[in-house]
Structures are given as structure tokens and as C-alpha cells.
Amino acid sequence: MTLNRKQGKNDNRNIVYSILRDENAFSSSIDAILFLILVSISAIILMPSIAADEQYRSASYISAQDMDARLMNTIMCSTVDEYEYTLKPTELADIDVNLSEHSILENAEKTMFTKEQHHRTFSDLVAESLVMNLFLEENNTIKVLNPMTGMQRIETEKVIEAHLEKTIGNRYNYRFEAHWEPVVGYDIQSEIIIGENAPVNAIRQKARISMPMIYPVTMEDVYLPFNESSIYNAVNSLDPDKELHEMFNNSIDIASGGSAEMVTEIVFPYEYLESLNSTEISVNSEQLACIRGPADMNYSSPVIQSALGCMNYTVNGLYGLDIKLTQEEQSISLDIVDTVKISIMNRNIEVISNHIKDNLNDDVNQTVALMRNATDNSTRYELADEQLGAIYRTANPAGADIVLLLW
């Protein structure tokens, strides 16, 4: 009995000693609990600040969106009071325009070839610049279609950049882009780019502007090869695939003719060159009288020389047609103007038509197969209608795209 009591006392002592030895464990547990309490208190204190930061970021994003929308609206609607640029035909034609000895003018080139415009909207200037600064990208080489209008694009970029800087200052970074393709996917295009590359999370606004060039072909023109009778006859012919493909190719040629006429008008201003056939218009102008004295009667007009230089660049340099242009003193032969226009027009029709046929080849093949296998003529006409719409939209994108990015 006495032994058991002693043993019990020893066990109690061992438990006390064990507890005392585990004092470090109690201390660690208390530290951990205290740390969790402090973390919770910190979270409670910091939570409003974290939420506020998120609100600030959200407000900043919404503010940027609102600014981007308003900035795009000002670009589309605001006007530029005074705007001018100088054409550079003298460099292209390699001629020197001299002032007469007693002229009161300071710059002959500026007097003759400067264009002034007033109260034009930014969108008008952008559209005009896209038309005047088309380029052809071929084999990684860029050829400008109208080299003498480069100053127009430079001046347009200047006024747009000045407007952006004035409107947003240093609050945002920006990038302005404008793109135009007279024919979708074609090598001829134009663009205006202002600003650095934008990050993927930049705010983006898009708009579409109409162009000053008129596409002269209507949807009805493109549909001419197709009607219920022609479709029925083609499907029931000895070679339906051939007949249907020829019908679509005819529609593509019609659509390409409209695109070719528009591009030809841009690169070869027929009406202006036709007017230079008049001696009175080309020589007896007030501008020329100021540039050269009336005693100099036997000289070639710088206007004529410039026009011939531009024609030579377009005909032989750009299109490689190898047409000889004869320089005359006071006018340009109307025959050569007609010859050049027809040659450029035919080349454009051929190249654009081939491009559209290659671009839509798979779609046309699929449409022809579906039309051939269709059981009724109304379904065939609906299939043709969808494909003809794609042809028309390819030949006539009907506008240019403007993109404005802020970040």
C-alpha cells in the first residue's frame, strides 16, 4: 500500500515535469494565436484601402473609356479652321520653277501648288489623305501611287496630333490609326498611324468614315448575269459547273470594273489632264504671268512639265506600260491622255479581277456545288444572292476604318 502511494506521487511529479518541459509548445501556440489576431486586425484596417484602390482603378478605366469616346467624337465632328499643304510635282518631274526677275512672289512652287482649305472636319482631312496617299505593296516593296501628295499626309498627321495633345495633354498615352483598302485584301491600301504601339488592355474606339471617291457600280449591276432563267439554264446545261462559274466570273468582272475606275481616277486625274489640252488655261494664267515675264513666250509651262512627269511616273514607273509621252510646250495632247487612261483602266480591271477571283475561289466553288445539288430554283437564287453580296463587299468596302486607343 505504501509502495503504491509513493508510485502515485512519482507519477504526478512526472506529469508536472512533463508539463513544465512542454512550456515552449504553449508559448508557440500563444504566439500563433496572437499572430492570427494581428493579421485579422490588419485585414480589417486595410480592407477599406484595398477596396478604394480597386474603386480608383475602376473609376480610372471608366474615365478613360469616356475620354476615348468623347475624343473620337471630336475627331469625327470638329473642324480645322485653316489647313494647307503643298504638292511636289516639280521634284517628280525634275524641273525647276523659277520666278521672274521682277516678281513680287517669294516661292513659285508654293504659289502654284499650295492647296488651302478652311473649316474642314478632321474626318474629311483623314478621308482625303487616305485617298491621296495610296501605296502599292508588292514583293515587300512599297510604291507610292501619287508621290507628289506626301505633304498632305504629313500636314494631316500634324493637325491630328496637335488636337490629341491639346485635348488630353499628359493624362493618357494614345495611338490613332486610319486604314483604307479600295478592294478588300488587295495590294493597294493607305494608312495614317500616330503614336506608339498600344498594350493589349488599351481602351479602344472604332469608327467608319465614308470616302470622297464614288464607287460607280451598283448591286444591280453585279446581279446582271443572274436571274431565275439564267440560273435554271446553267444548272440544266451539259456542264453546270462551267456555266455557273462563268456567271460568277462575269459578276466579278463587273464589280472589278467599278474598283478599277475608282483607282484609276485617283492615280490618273483625267479631267484635270484633259483641261491642260487648252492653251489658254495652261499658259495665260495669272500665276504663270507672275512666275515668268511676258517676254518669255517660248517656254514650256511648269504645269505642263509637272503633269507630264506625273504621267510618266504612273504609266511607266508604276504600271510598267511603256508608253512614250511627248513633251509639248503649251498643252498635252488629248489623244495621249485618252490612251493612257484606257491602258491604266484595263490593267486595273485585270489585276483586281484576278485578285477577287483568287480571294473568293473556295467560296464560289462551294456555292456552285450547292446550287448544282439544290432541288429548286429559289434555293439556288438565294445561294447566288449570298455569294454576289460577298463579291460586292470585297470590291467595295464602302469606307475607311478609324481606331483610337488610350491607356
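The structure displayed is predicted, hence computed values, not measured ones. In this chain, residues are counted from 1 in sequence order.
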Checklist entry - For atom CZ of Arg372, is the number of surrounding heavy atoms from other residues, nucleotides or ligands below 6.0 Å larger than 12? => result yes
Checklist entry - How far apart are the C-alpha atoms of Asn346 and Glu350, what are their side-chain angles, what is the distance that settles it, and do they pass the side chain to side chain contact (heavy atoms under 4.5 Å, CB included) test? => result CA-CA 6 Å; Asn346 290 338; Glu350 177 186 1; over 6 Å; no
Next on the checklist: Do Phe248 and Ile391 make a side-chain contact, defined as non-hydrogen atoms from C-beta onward lying under 4.5 Å apart?
Outcome noted: yes
Item to check | Close side-chain approach of Leu360 and Gln387, heavy atoms under 4.5 Å | outcome: yes
Next on the checklist: Quick check on Glu177: does its CD atom have over 12 non-hydrogen neighbours (other residues, nucleotides or ligands) under 6.0 Å away?
Outcome noted: yes
Next on the checklist: side chain to side chain contact (heavy atoms under 4.5 Å, CB included), that's the test. Do Thr156 and Tyr83 meet it? Break it down for me.
Outcome noted: CA-CA 9 Å; Thr156 299; Tyr83 173 85; 2.7 Å; yes
Next on the checklist: Check this for me: Glu165, atom CD, are more than 12 non-hydrogen atoms of other residues, nucleotides or ligands nearer than 6.0 Å?
Outcome noted: yes
Item to check | Non-hydrogen side-chain atoms of Met345 and Tyr270 separated by less than 4.5 Å | outcome: no
Item to check | Exceeds 12 heavy-atom contacts within 6.0 angstrom, atom NZ of Lys357 | outcome: yes
Item to check | Asn233 (side chain) donor-acceptor with Ser229 (main chain) under 3.5 angstrom | outcome: yes
Checklist entry - Just checking, is any N or O donor in the side chain of Asn377 or Arg380 under 3.5 Å from an acceptor N or O on the other one? => result yes
Item to check | Exceeds 12 heavy-atom contacts within 6.0 angstrom, atom CD of Glu386 | outcome: no
Item to check | Side-chain donor-acceptor contact under 3.5 Å, Ser378 with Asp376 | outcome: yes
Item to check | Audit row: Tyr172, Leu71, side chain to side chain contact (heavy atoms under 4.5 Å, CB included) steps and yes/no | outcome: CA-CA 12 Å; Tyr172 301 98; Leu71 194 55; over 6 Å; no
Checklist entry - Hey, are Tyr186 and Thr394 close enough side-chain-wise for a donor-acceptor pair under 3.5 Å? => result no
Checklist entry - Does any donor atom in the side chain of Thr74 or His163 lie under 3.5 Å from an acceptor atom in the other side chain? => result yes
Checklist entry - Have Ser256 and Asp253 got a donor and an acceptor in their side chains that come within less than 3.5 Å? => result no
Next on the checklist: Under the rule for side chain to side chain contact (heavy atoms under 4.5 Å, CB included), what residues qualify as partners of Asp81, not counting sequence neighbours?
Outcome noted: Thr79, His119
Checklist outcome for this item: Nearest heavy-atom contact between Met148 and Cys310 is SD-SG, 3.4 Å
Next on the checklist: I'd like to know whether CG of Asp322 has more than 12 heavy-atom contacts from other residues, nucleotides or ligands below 6.0 angstrom.
Outcome noted: no
Item to check | Residues which pass salt bridge (charged side-chain N to carboxylate O under 4.0 Å, His left out) with Glu196, listed by chain and number, not counting sequence neighbours | outcome: none
Next on the checklist: Among residues at least two apart in sequence or on other chains, which ones pass ring pair (Phe, Tyr, Trp, His ring centres under 6.0 Å) with Tyr174?
Outcome noted: none
Checklist entry - Going by an N to O cut-off under 4.0 Å, is there a salt bridge joining Glu155 and Lys158? => result yes
Next on the checklist: The test is side chain to side chain contact (heavy atoms under 4.5 Å, CB included); show your working for Phe226 and Asp385 and say whether it passes.
Outcome noted: CA-CA 9 Å; Phe226 286 84; Asp385 177 75; over 6 Å; no
Next on the checklist: Using 30° and 60° as the class boundaries, would you call the ring planes of Tyr215 and Tyr392 parallel, tilted or perpendicular?
Outcome noted: perpendicular
